[in-house]
Structures are given as structure tokens and as C-alpha cells.
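All ligand and atom numbering here is 1-based and tracks the order in the structure.
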Amino acid sequence: MLIVNPKAARRPYPEALRTVMNMQQAAESRAWLSTWNRFERPVTPLLGMPDLAAELGLGKVLIKDESVRSPLASFKVLGAPVALLRLILARFPDRGFEPGALLAGKHARDLAGFTVISATDGNHGRALAAAAQSVGCRCVIVLHAHVSEEREQAIAAYGARIVRIRGNYDDSVHEAASLAQENGWTVVSDTSYEGYEAIPRDVMQGYGIIAAETLEALDASDGDCPFSHVFLQGGVGGLAAGIASYLWERYGAARPTMIVVEPRQADCLYQSALVGHATKASGPVDSVMAGLACGQASPLAWKFLEGGIDAFMTIEDQEAVDAMRRLARGSANDLPLVAGESAVAGLAGLLRLLESPGKAAELGFDGRSRVLLISTEGATAPSLYAELVGEAASAVQERQRAWLGAR
Ligand SMILES: Cc1ncc(COP(=O)(O)O)c(C=O)c1O
């Protein structure tokens with residue numbers, strides 16, 4: 001399913017949005033995180049996939065690989081830590097805390113009685129737990145029934161207390177809010193709801209770092225954007241809003257064409273585009289793409305997506321699995337890549353879209369198109385990855401090393 005967004009705007013980035021999210025804040029977030037010792041590399045790779053581009057009849061396909069920034073293996077490591085820092089700075093304004101010192105745990109004693117809580121489908125909670133452990137505050141993570149045991153263990157490994165509930169992601173969001181209220185804890189959520197926007201804004205703002213790094217890697221000037229199309233996978237819409245807002249602010253009316261991709265069963269952004277406001281998914285929200293299995297669009301994210309996104313589309317779980325295998329295989333000129341279930345939705349969306357020549361032409365795809373995809377996670381659930389791809393992530397990494405060695 002695909003809908004071309006009639007409200008997509010080709011005009012300068014609106015001032016009303018700039019006051020909420022802007023490139024300057026993204027740069028500040030980046031500077032803060034650059035000191036965090038959990039990052040294994042300061043910048044993630046931007047990979048060209050020339051064989052894939054040739055096969056699809058496109059000028060270029062670029063993949064920004066967010067799986068290798070830290071052992072947490074997902075882009076979410078750019079969101080929750082920034083929000084936690086901004087929260088602590090705002091909550092304790094007189095203590096003279098400084099972001100680098102906070103991340104280095106230098107104020108752990110002052111923060112031992114401070115507790116943050118969040119619902120998660122895996123990656124956000126893991127990032128929040130890791131950040132909380134670094135700064136030295138307490139962290140409680142609420143998991144819904146469909147979050148796998150291995151994802152739970154990955155979060156608990158960072159010292160978070162786990163609360164398991166029945167129900168789905170949206171139920172866990174409600175549970176986190178009521179536990180916070182009962183206990184005087186602070187919710188650090190990646191999704192917004194009525195009266196709760198500042199923290200999800202800070203989470204989304206951190207994702208702008210991906211756009212900033214991509215433009216730097218391509219030596220982008222202020223004139224033309226070095227890519228023509230961007231695919232952004234959607235859960236609650238935070239990733240898409242963080243990146244779309246950055247590119248819209250930077251390029252204004254000349255921004256690239258941006259397309260949001262979701263699992264069919266968790267199509268809350270697609271449905272939002274249909275009805276014109278942030279709304280719920282039409283399906284049972286039980287996709288294999290765990291990070292995208294969200295039933296309610298973030299109203300704050302929607303403010304950016306409403307005008308910043310050119311098309312919304314959905315894909316099937318099997319298409320994601322096929323895309324995982326394809327990236328894992330690699331080819332003579334394309335590096336084999338470990339990309340998890342939610343990481344590949346953009347590629348699956350691209351493949352699906354190109355099967356409809358009319359829609360592809362309407363969205364401006366041709367032999368000169370330069371398409372940016374963001375691989376948002378590696379094998380964050382390793383046994384599920386192995387089951388779906390038919391080999392372990394370590395085997396793909398082995399093939400990757402051989403590919404690089406042969407260059
Ligand atoms: C790997 C991965 N990709 C994409 C997303 C979507 O992000 P958002 O919920 O901000 O739309 C998530 C969300 O958890 C995720 O874990």
C-alpha cells in the first residue's frame with residue numbers, strides 16, 4: 001500500500017517547527033555524545049551499493065549503517081541518552097552538571113535516587129538503560145508480551161529493572177506512565193502524548209545526527225542535496241521526524257523526496273496520512289519488525305511528517321526477511337551487511353515501490369536517482385536474526401571480512 005502525501009510541502013522549513021527541532025540542537029547533541037565511552041566509533045559508515053543500484057536501474061544506493069556505532073547495535077543510542085542528559089540538566093539546574101561529566105558517571109552519587117522509566121520494544125529501552133547506567137541513575141523498563149527473552153536480557157545487562165506486562169507496546173506505554181505517577185519516577189519515552197512532548201522531542205533531535213553525518217560524508221554543500229530520495233522506516237515516527245526535519249531545514253524547498261515505510265500490521269503513520277492527524281494502526285501490530293510494531297503515531301513526530309514526507313507505504317514481513325537476506329549475502333561490489341528486521345524496511349520499501357513504475361515515476365525515480373537508506377539496527381535479537389536469515393550474524397561478518405580483505 002502506498003499513499004502519495006497531498007500535504008507534502010516544498011517550502012522553507014516552517015519557523016513553528018524550527019522552534020521545536022533544529023540543526024543547532026542536533027549539533028549540540030552530537031557534541032555531547034561524542035564524549036560517551038559506549039561509542040565504538042564516532043561516525044557510522046555510509047556504504048555505496050553499486051550492484052544493487054545497477055540492478056534496480058538507479059544512479060546510486062547508499063546505506064548508512066547504524067549497527068556499528070556501539071555494542072547496542074542500533075540508532076536508538078542517539079536518542080535516549082540525549083534526552084536523559086537534557087532531563088537531568090533541566091531537573092537539577094543549580095548543580096552545575098556538565099554533559100560530559102554526567103556521561104562519565106562523575107555525578108553518579110548525586111543521581112542515585114533519581115529514577116527514569118520507559119516502555120520499549122527493545123532498542124530504546126536498551127539505550128536508556130545504558131545511558132542511565134553511565135550517569136548513575138536508576139532505570140525501570142516496561143516490556144510488553146511480544147518482546148523476546150533475548151531482548152529482555154540485553155536490556156537487563158545494563159542494570160535496568162524489568163517490568164513485564166501482558167498486552168502490546170501501547171499497553172506498556174500506559175503502564176510506564178502510571179508506574180511513574182505512583183512512584184515519582186520520570187518517563188523517558190520516545191513517543192509523545194498529550195502533555196508530554198519535551199522528552200520525545202529531545203529523543204528525536206538526537207536522530208538528526210544521522211543526517212548530519214551523512215551530509216558530511218558526501219561533502220555536501222549548501223546547494224543541492226547529494227541524494228534525491230530517502231527511505232525512513234516508521235515505528236512511532238521519531239526516526240523519520242528527526243531526519244526529515246534536519247533535511248528540510250537544511251535544504252528547504254529543495255529537500256530530497258522522503259518516504260516512510262511501515263509493516264502493514266503496524267501502519268499508524270500511513271493511517272495518519274489518510275486521516276490527516278496522528279492516529280492508530282489499522283492492524284494487530286504484531287510484525288516481525290519489532291522496532292516498527294507500534295500502534296499509535298507520536299503526535300509530536302506527526303507535526304514534522306505531515307509536511308515533510310512525500311509518501312507513506314507499508315510492506316509485508318516476508319519482504320523484510322528477503323531484504324535481510326539480500327543484504328547479508330552481499331555481492332561482488334556490495335559489502336555483505338548484518339541488518340536486523342527493522343533495519344531493512346527502507347530497502348524492502350524501495351524494492352516494492354520500484355515494482356510500480358507509475359508510482360515510482362510520480363515520486364521522481366529514474367536512472368539518476370541517488371537513494372539513501374538507513375540500516376537502523378544490526379542483529380539486536382541474534383537468534384531471531386539467525387533463524388530468519390538462515391545463518392548467524394557472525395557468519396555474515398566473516399563474509400564481510402573476506403570481502404574487505406579481497407579489496
Ligand atoms: C531498529 C529500529 N528502526 C526503526 C525504528 C523506528 O523508530 P521510531 O519509533 O522512532 O519511528 C525503531 C524503533 O524502535 C527501531 O528499533
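- Protein residues having a heavy atom under 4.0 Å from any atom of ligand 1 are F75, K76, D121, N123, Q233, G234, G235, V236, G237, G238, L239, G291, L292, S342, T376, E377, listed by chain and number.
- Taking OG1 from T120 and CG from L128, the interatomic distance works out to 8.5 Å, rounded to the nearest 0.5 Å.
- Considering only residues two or more places apart in sequence or on other chains, Q318 meets the side chain to side chain donor-acceptor pair (under 3.5 Å) condition with D322.
- With H107 as the fixed residue, the ring pair (Phe, Tyr, Trp, His ring centres under 6.0 Å) test singles out one of F97, F92, F114: F97.
- Pairs engaging residues 13-41 under the ring pair (Phe, Tyr, Trp, His ring centres under 6.0 Å) rule: Y13-W248, W36-F39 [sequence neighbours left out].
- Judged purely by distance below 3.5 Å, without hydrogens or angles, the side chains of Q233 and T376 pair a donor atom with an acceptor atom.
- Listed by chain and number, the residues in a ring pair (Phe, Tyr, Trp, His ring centres under 6.0 Å) with Y270 amount to none (sequence neighbours excluded).
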